[in-house]
Asker: 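Before I ask anything, let me first share the structure, which is written out below as structure tokens.
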4 protein chains.
Amino acid sequence: MLVVMEEGASEAQIQKAIDRLVGLGFDVHRSTGVVHTVLGGVGGKDFEPELFAVMDGVKEAHRIVSPYKLASRSFRPGGTTVRIKDVEIGPGAVVVMAGPCSVESRDQIERSAEAVARGGARVIRGGAFKPRSSPYSFQGMGEEGLQLLRGAADRNGLLVVSEVMDQTQIPLLAAYSDILQVGARNMQNYNLLRELGKQRSPVLLKRGIAATIEELLLSAEYILSGGNYDVILCERGIRTFETYTRNTMDISAIPVVKKLSHLPMVADPSHGTGRRDMVPAMARAAVAAGADGLLMEVHPDPDRALSDGAQSLDPQQYAELMLQLRLIAKAVGRTL
Amino acid sequence: MLVVMEEGASEAQIQKAIDRLVGLGFDVHRSTGVVHTVLGGVGGKDFEPELFAVMDGVKEAHRIVSPYKLASRSFRPGGTTVRIKDVEIGPGAVVVMAGPCSVESRDQIERSAEAVARGGARVIRGGAFKPRSSPYSFQGMGEEGLQLLRGAADRNGLLVVSEVMDQTQIPLLAAYSDILQVGARNMQNYNLLRELGKQRSPVLLKRGIAATIEELLLSAEYILSGGNYDVILCERGIRTFETYTRNTMDISAIPVVKKLSHLPMVADPSHGTGRRDMVPAMARAAVAAGADGLLMEVHPDPDRALSDGAQSLDPQQYAELMLQLRLIAKAVGRTL
Amino acid sequence: MLVVMEEGASEAQIQKAIDRLVGLGFDVHRSTGVVHTVLGGVGGKDFEPELFAVMDGVKEAHRIVSPYKLASRSFRPGGTTVRIKDVEIGPGAVVVMAGPCSVESRDQIERSAEAVARGGARVIRGGAFKPRSSPYSFQGMGEEGLQLLRGAADRNGLLVVSEVMDQTQIPLLAAYSDILQVGARNMQNYNLLRELGKQRSPVLLKRGIAATIEELLLSAEYILSGGNYDVILCERGIRTFETYTRNTMDISAIPVVKKLSHLPMVADPSHGTGRRDMVPAMARAAVAAGADGLLMEVHPDPDRALSDGAQSLDPQQYAELMLQLRLIAKAVGRTL
Amino acid sequence: MLVVMEEGASEAQIQKAIDRLVGLGFDVHRSTGVVHTVLGGVGGKDFEPELFAVMDGVKEAHRIVSPYKLASRSFRPGGTTVRIKDVEIGPGAVVVMAGPCSVESRDQIERSAEAVARGGARVIRGGAFKPRSSPYSFQGMGEEGLQLLRGAADRNGLLVVSEVMDQTQIPLLAAYSDILQVGARNMQNYNLLRELGKQRSPVLLKRGIAATIEELLLSAEYILSGGNYDVILCERGIRTFETYTRNTMDISAIPVVKKLSHLPMVADPSHGTGRRDMVPAMARAAVAAGADGLLMEVHPDPDRALSDGAQSLDPQQYAELMLQLRLIAKAVGRTL
């Protein structure tokens, strides 16, 4: 903890700050400069620096120790590879997860699975429980959707990733999926995260639309601290003032997370842009920036999709994109 | 649905857009201008306008009908008053809900209850289950905290508002609280919202830090559409680029919500600013802008609070603020 | 300067950071903690902390000394009052500046001046040179507009505030105006700011739509450091993800600036919201939060205004609002 | 213009909206739906839709015609190539512009020019007049810097791009530079833009940190409408809530601009991230997303740079990056 006193802070104010640091278990080093006095606190317990920032005579306060530990790169400098059956998600090959936003029917998911497998994806995505901003929108097929998804995946040699909306759904989702997806709206649903920490299923954790990278890593820490180390992070767009795209895809989050954390980082250009005409460029950008994988929406007939059709590629567009992505992957020394 | 074709859109592109509107059940009116052709679709089913926005030859598409209905002002033009025992939250008196961030001990909550009741609050707030961004922070006392909170409230003639973190906690929270609070991080936890729609307990729904006002009203619609009409909305700060305050409190959301919706709208200047030195000014601003109530953190000893101490007022600061707020309320024709 | 080394930083990395601090003229205090080593640098010259943040082995770096000095509260703890003829802008009475967005005609500005003076404003606003996002929009009447504005002001006992778009316009604007306004888009037009520092005319400096409060104070510092101490700051809305209002008016900037700086702080609810139906609530909120004045758009016939009609009050709405504002001002111990 | 009336709007309110549309020169088509009445206005003059949005009984209003015309893709569907001597900036080869943030000395700029030319850049960048947020920071060498820059460029077969801070500096900058750069802070300095429209020098226009893509194109329209069609746009990061990077580089702006406009679009990963360790990944991403060029900071000794050292590559890092970029360019069918 570093506490910087204001210019002209009184000795009493400085002493009060020192006392509080000591009360929290810190050894305090005091540096008296020409303008400011700085207090360095070492070894105490973690707490919010704002508590000092509002004290009289205090200019600002900073936490020194990272609030996350197990998620930090220094915990596993070599990086983590999440292994599921014969698929490895990590610093090696770029792994593509593709499929429709929602499972809608047997025919739709079978056609989807065939198309994405043929194009080179290793994992099929598809929602059975859909978080929708309107209560009047299609909310997903539930367990029946999961059954259809699993069947289609198995017939095409694909793994399954599907979203779990709260902790009561974990057993159901775990029965049908290889990877449990936590959606952006649930990134700080701590009861869900805590429960996922007790599972042995890999988790794909999406960044919230207003979450900082530090908060994403803190949410991962909830899962890791429960003992589940198979966590995959995902950038899927943040909310900014720009409205042409649905969200602003923060491509820089990819190299930043790779620097700060050992966890694999994938990117979702479908939600990241909300527009299928922007998906190819952003998928290429993500791979060029070092993403370990992609999550993309592909639908056999996007114009008739029950959800997210505007951001879904059709099989032909997807196949062409995969060819481009192979070239980009090669250019950054990876395969796909 | 309004679909604006691009300058130079071909007749085939226009026809394709018309066909899709018809396929979705719309009657289509076509207006051919000098530059643009505009298609007005009436009577079809609701869907995402982005689906049209990405079609070839389409410039933009707009939804005409509001996606929320029960939450809109036109549903109850006179406004809603939520009545709980002898407290009315609505267009009449300004209602203050105050208390600590978390219940920490019997002594702490008793002293809090006494202080907030003496100052004029009608409701005590206090968390028993805390959503914390770090898994290593204090997570709340659980049911024991609720028991202490209820006892302190009853002894001081106060109602209780406390946060419910997921739908499994509803029975427990409902047993001890008069108002169930949905935190900002859970504003789009639809399973929780849907379940709250089936309850008879009033709900205090906080705006998410990156939620638009429309999304806040859509989340309220989830609860209302289940049959629970006692919903109170709350502005508590949004996330922007400014870092001096923890969030940027969007005071304008107060009059905007009052215009668009019939639901009561309160404001939380503690989370809105994250700094106790800014709470009084923002509490005054909220009342001046027309808030129906305030939610504020008050702690008998903020510097020793286990959570959110930096934004908690001490009893003395709170008492002084209540005097100021009475003058502001009077200036806008209300009481407090 | 505080430099926090990463966990596990090597002695060579630490030494390199120390050497650089020394090279920049700092005395260095080294604190070695269990996890992190912290270097405190005192007395060196100011520079960007990012330069250290990207060094190997460095976790983060913080500047200790505020980058602004003359604008800081500690420079004049009692606060600044800008005196122009018989008007004082500062901690005393709340001063209202009102008038149309643009000067459009003699009749329009005369009727505006009469209305705003009658309602209690002390200053008339009106643009003669308009920064418009489209080159095809009305760009202002130029010098003729200034003549009309000055005449109307004088006949009604009002001061004049009008916008200066670049440094070449200063002599012209200074000839007709009592206060030179720097618009939000020009808050970081440093050549303009530097030139204004050499003037003796008071300056009204508006916060840019994406400017932090610190950046606003740094821009003020440009003017102050040239010797012109009559600077009035203005909050006029920042850009966020919310689209219902044109901007999000950051009411909390008012108390924050009052804490950090001695300069007067006014608020512009017209640009802050972009909607005339939201102006009264936000004007009240600004005064309740401690604003030293208001800048508001009033037009004799807003629906026919050549610019910004949507956010202009008509004389009747303005007159009613002034009555409300007097009550709010009184409630916070001020007059208007 | 499309005006959507509220549910339950009265006939008088509808008529008032029609009258105003007619008064602005529109032919009005009225569509009466079950819930909403929609008014389509064709052929009138452009104005702010907010003016209708605040009318009683109006739900929302939309402009149909794009506010920019000369900047739109439909004006030149094949795309624009800006030709300067033997360099072509447009849909062909990817053009790299590199060099130090500021010209600091003859030795520094000579070493920079040699390094960037050797690596494959065609244009050298270097500021002589620097917009700095603090008045106490280094403000540039002025004309002497331009002389040094020009000499170094000529000796190495490079073009020169340098920033012009206001319209009075145009003659000076035009005498030494091949491309006049408008910085992000000046994107809406309309007096500068208007004057640049009268020049024959190509202009590099940077997106403001809070500017929408539409606003960027409107600013380009100012230059184009004056008759200067050689405009190059540049994405350089927008301001969001994320603080790890200095700005959030909006890579999606690249394909969006390429869709909406015919103008070349380049990207600046140095300002886009503010951290040299993130520049390579973002430079690769920009090229993969379709950027027509890059603007990057390269300094012979970044740690001793007088400005922006944290985001400058050293010559070795730059040379390695250029090799990577060639592979990415090839993967998207271009050269570099």
Asker: Tell me, side chain or backbone of D/Arg239 under 4.5 Å from chain A's heavy atoms, or both, or neither?
Answerer: backbone
Asker: In terms of heavy-atom proximity below 4.5 Å to chain D, should A/Ala211 be classed as side chain, backbone, both, or neither?
Answerer: backbone
Asker: Using heavy-atom distances under 4.5 Å, tell me whether D/Thr240 contacts chain A through its side chain, its backbone, both, or neither.
Answerer: side chain
Asker: Between A/Thr212 and D/Phe241, which heavy-atom pair has the shortest distance, and what is it?
Answerer: N-CE1, 3.9 Å
Asker: When only pairs under 4.5 Å are counted, which of D/Val256, D/Thr248, D/Asp250, D/Thr243 shares the most heavy-atom pairs with chain A?
Answerer: D/Val256
Asker: Name the option with the most non-hydrogen atom pairs under 4.5 Å to chain D; the candidates are A/Val287, A/Ile254, A/Ile213.
Answerer: A/Ile213
Asker: Would D/Ile251 and A/Met282 satisfy side chain to side chain contact (heavy atoms under 4.5 Å, CB included), going step by step from the backbone distance to the final call?
Answerer: CA-CA 8 Å; D/Ile251 293 284; A/Met282 298 308 282; 3.8 Å; yes
Asker: For residues A/Ala289 and D/Ala285, report the shortest heavy-atom separation together with the two atoms involved.
Answerer: CB-CB, 4.2 Å
Asker: Side chain, backbone, both or neither: which part of A/Thr245 has a heavy atom under 4.5 Å from chain D?
Answerer: side chain
Asker: Check whether D/Lys259 gets within reach of chain A through its side chain, its backbone, both or neither, counting any heavy atom under 4.5 Å.
Answerer: side chain
Asker: Quick one: of A/Ile328, A/Thr273, A/Val332, who has the most non-hydrogen atom pairs under 4.5 Å with chain D?
Answerer: A/Ile328
Asker: Just how far is it from atom CZ of D/Arg284 to atom CZ of A/Arg284, taken to the nearest 0.5 Å?
Answerer: 15.5 Å
Asker: So, taking the atom named OG in D/Ser252 and the one named CZ in A/Arg275, what distance separates them when rounded to the nearest 0.5 Å?
Answerer: 10.5 Å
Asker: Between D/Gly290, D/Ala288, D/Ala286, which residue shows the highest count of heavy-atom pairs closer than 4.5 Å to chain A?
Answerer: D/Ala288
Asker: Of the non-hydrogen atoms in D/Met278 and A/Pro255, which two are nearest, and what is the gap between them?
Answerer: SD-CB, 3.6 Å
